[in-house]
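Down below is the structure, laid out as structure tokens.
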Amino acid sequence: MKLSNLGFDQWFEAHAAQFLQEDGGIARVSAVDRGSYLIRNESGEVPAELAGKFAYQIESPVDLPCVGDWVTVQYHNDDTAAIIHGVFARKTFLRRRSAGENVDFQMMAANIDTAFIVQSCHFDFNLRRMDRHLVMAADGGVEPIVVLTKTDLVSYDELQQKLEVITQSGIAVRVIALSNVTGIGFDEFQQVLMPGRTYCLLGSSGVGKTTLINRLVGHDAFKTKGVSATGEGTHTTARRQLIVLNQGAMLIDTPGMRELGLLGVGDGVDQGFEDILELSLYCRYANCSHTQEPGCAVLAAIKSGELSEGRYSSYMKLKKESAYHEMSYVDKRKKDRAFGRFIKSAIKQMKD
């Protein structure tokens with residue numbers, strides 16, 4: 001398999017020279033599991049670990065290789081194992097705020113062409129969560145497509161109602177509705193997948209992401225679980241991994257996330273809410289906050305019914321959340337850098 005079949009195009013070729021080792025090669029990260037890596041090259045998959053020097057230079061989790069990254073490597077043990085020496089610049093990415101109290105980025109996947117935002121028509125349907133995923137995609141420059149699964153569990157009228165809710169909310173992206181049980185909509189989904197391009201599945205546990213992959217592969221290659229008695233999803237996928245499908249497309253499965261915090265996505269919020277961004281062009285003031293200013297086109301659209309209050313509330317909440325976490329992140333990075341300088345200075349003094 002050529003590297004071009006794995007998505008290595010002219011954009012990455014332009015960044016290759018500065019990363020290559022004299023006796024090294026290029027590969028793509030296909031799986032990450034608790035500090036262990038699998039990389040894929042022209043011949044297949046090989047286990048890999050970070051070079052000591054590279055690991056020492058890591059300043060943030062965002063600098064670590066993630067699934068979909070292109071890396072420069074050196075092979076050993078007759079090319080059955082590899083050492084990762086560096087990570088290429090990322091063309092696109094998907095990231096979120098790390099879970100818990102730590103204010104930092106967590107890279108989910110890199111160099112994605114299209115993100116499938118998967119929600120079930122049954123228990124999981126949630127416009128506000130959809131907004132978050134759309135902002136995440138916009139933040140990383142990834143094209144989003146909404147996929148509604150389990151259409152066999154709702155009536156035709158209920159499905160049409162959900163599709164109408166999405167349209168009326170202002171979400172203007174492609175929507176594919178399908179059932180892994182009946183196969184309805186599966187052909188439309190499959191036609192999106194193009195050889196040499198990389199796709200990612202985003203969604204909560206139990207919405208049918210793994211079942212969808214098994215259908216694409218043609219057999220039960222990955223373990224699935226049913227939803228719980230309450231209708232909530234249960235975790236199946238334990239790690240992010242890149243799967244090369246028979247038709248040549250690549251698909252990254254991700255574990256379901258109960259917490260989807262956003263960090264540093266100010267521009268992504270605007271791009272994810274293009275309807276509000278377009279309205280803001282007609283505001284009286286260029287720096288309008290859309291809260292109480294006279295001549296605000298966004299507030300006027302809410303009053304006239306052109307923009308729903310739910311859509312506006314989601315936009316303002318995500319803007320506020322992003323700004324708050326961004327301030328905390330900048331402060332954290334300042335402290336991290338100061339501490340790093342202190343450690344290096346102490347080590348230097350010890351050597352002297």
Side-chain angles (χ1 to χ4, degrees), residues 1-8 27-33 36-47 66-69 94 108-122 124 133 142-153 174-227 233-257:
M1 177 180 289
K2 297 180 180 180
L3 290 180
S4 58
N5 293 336
L6 295 173
F8 195 82
R28 195 170 191 190
V29 178
S30 57
V32 179
D33 188 8
S36 299
Y37 299 89
L38 276 179
I39 60 170
R40 182 178 286 272
N41 56 27
E42 299 96 327
S43 303
E45 286 187 320
V46 175
C66 68
V67 175
D69 267 329
L94 293 170
M108 300 171 59
N111 305 315
I112 310 301
D113 294 297
T114 301
F116 293 117
I117 299 170
V118 187
Q119 288 197 3
S120 164
C121 290
H122 201 210
D124 184 69
H133 278 122
V142 180
E143 176 198 21
I145 294 179
V146 172
V147 177
L148 296 183
T149 62
K150 304 189 179 184
T151 57
D152 54 288
L153 297 181
R174 182 176 180 179
V175 181
I176 298 175
L178 58 82
S179 168
N180 287 317
V181 174
T182 66
I184 294 177
F186 181 74
D187 286 343
E188 181 185 356
F189 176 84
Q190 200 168 22
Q191 288 171 6
V192 176
L193 306 176
M194 302 298 293
R197 295 180 69 82
T198 305
Y199 305 84
C200 185
L201 296 174
L202 296 174
S204 305
S205 298
V207 297
K209 301 192 301 294
T210 304
T211 304
L212 183 58
I213 292 176
N214 284 337
R215 191 177 183 95
L216 289 168
V217 173
H219 62 277
D220 291 339
F222 301 94
K223 186 178 180 181
T224 61
K225 294 180 181 178
V227 295
T234 54
H235 286 278
T236 300
T237 302
R239 66 175 184 177
R240 299 177 181 91
Q241 54 188 325
L242 183 146
I243 303 154
V244 180
L245 301 174
N246 292 333
Q247 64 266 57
M250 288 155 287
L251 194 62
I252 295 177
D253 191 13
T254 61
M257 296 171 292

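Residue numbers count from 1 along this sequence.
- Distance check, rounded to the nearest 0.5 Å: OG1 of Thr210 to CG of Asn180 gives 10.0 Å.
- Under the 30°/60° scheme for interplanar angles, the aromatic rings of Tyr199 and Phe116 are found to lie parallel.
- Here the CG atom belonging to Asp253 is positioned 8.0 Å from the SG atom belonging to Cys200, to the nearest 0.5 angstrom.
- Checking Asp124 against Ser204 by side-chain atom types alone, a donor-acceptor pair falls below 3.5 Å.
- Smallest separation of non-hydrogen atoms from Arg28 and Gly68: NE-O, 2.9 Å.
- Ala115 approaches Leu202 most closely through the heavy-atom pair CB-CD1, 4.1 Å.
- The CG atom of Leu193 sits 11.0 Å away from the OG1 atom of Thr198 when rounded to the nearest 0.5 Å.
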From CA spacing to verdict: side-chain contact (heavy atoms from CB on, under 4.5 Å), Leu216, Phe189 = CA-CA 10 Å; Leu216 289 168; Phe189 176 84; 3.7 Å; yes

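- Pairing each heavy atom of Thr149 with each of Ser120, the nearest pair is OG1-CA, 3.5 Å.
- Side chains of Gln241 and Val67 form no contact here, defined as non-hydrogen atoms less than 4.5 Å apart.
- Taking both residues in full, the closest heavy atoms of Asn5 and Met250 are given as O-CE, 3.5 Å, listed atom of the first, atom of the second, then distance.
- Atom NZ in Lys209 sits 7.5 Å away from atom CG in Leu201 (nearest 0.5 Å).
- Listed here is the closest heavy atom pair of Gly185 and Leu178: C-CB, 3.7 Å.
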Report the C-alpha separation of Val207 and Gln119 in whole Å, then their side-chain angles, then the decisive distance to 0.1 Å, and conclude whether the side-chain contact (heavy atoms from CB on, under 4.5 Å) test is met.
-> CA-CA 6 Å; Val207 297; Gln119 288 197 3; 5.5 Å; no

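- Side-chain contact annotation: Thr114 with Arg174, donor-acceptor N/O pair under 3.5 Å absent.
- Within the 4.5 Å cutoff, no side-chain heavy atoms of Leu38 are placed close to those of Val29.
- Between the CG atom of Leu242 and the CG atom of Leu6 there is a distance of 8.0 Å, given to the nearest 0.5 Å.
- Nearest heavy atoms, Cys66 versus Ala109: SG-C, 3.8 Å.
- One finds the CD1 atom of Ile252 at 8.5 Å from the CG atom of Asn111 (value rounded to the nearest 0.5 Å).
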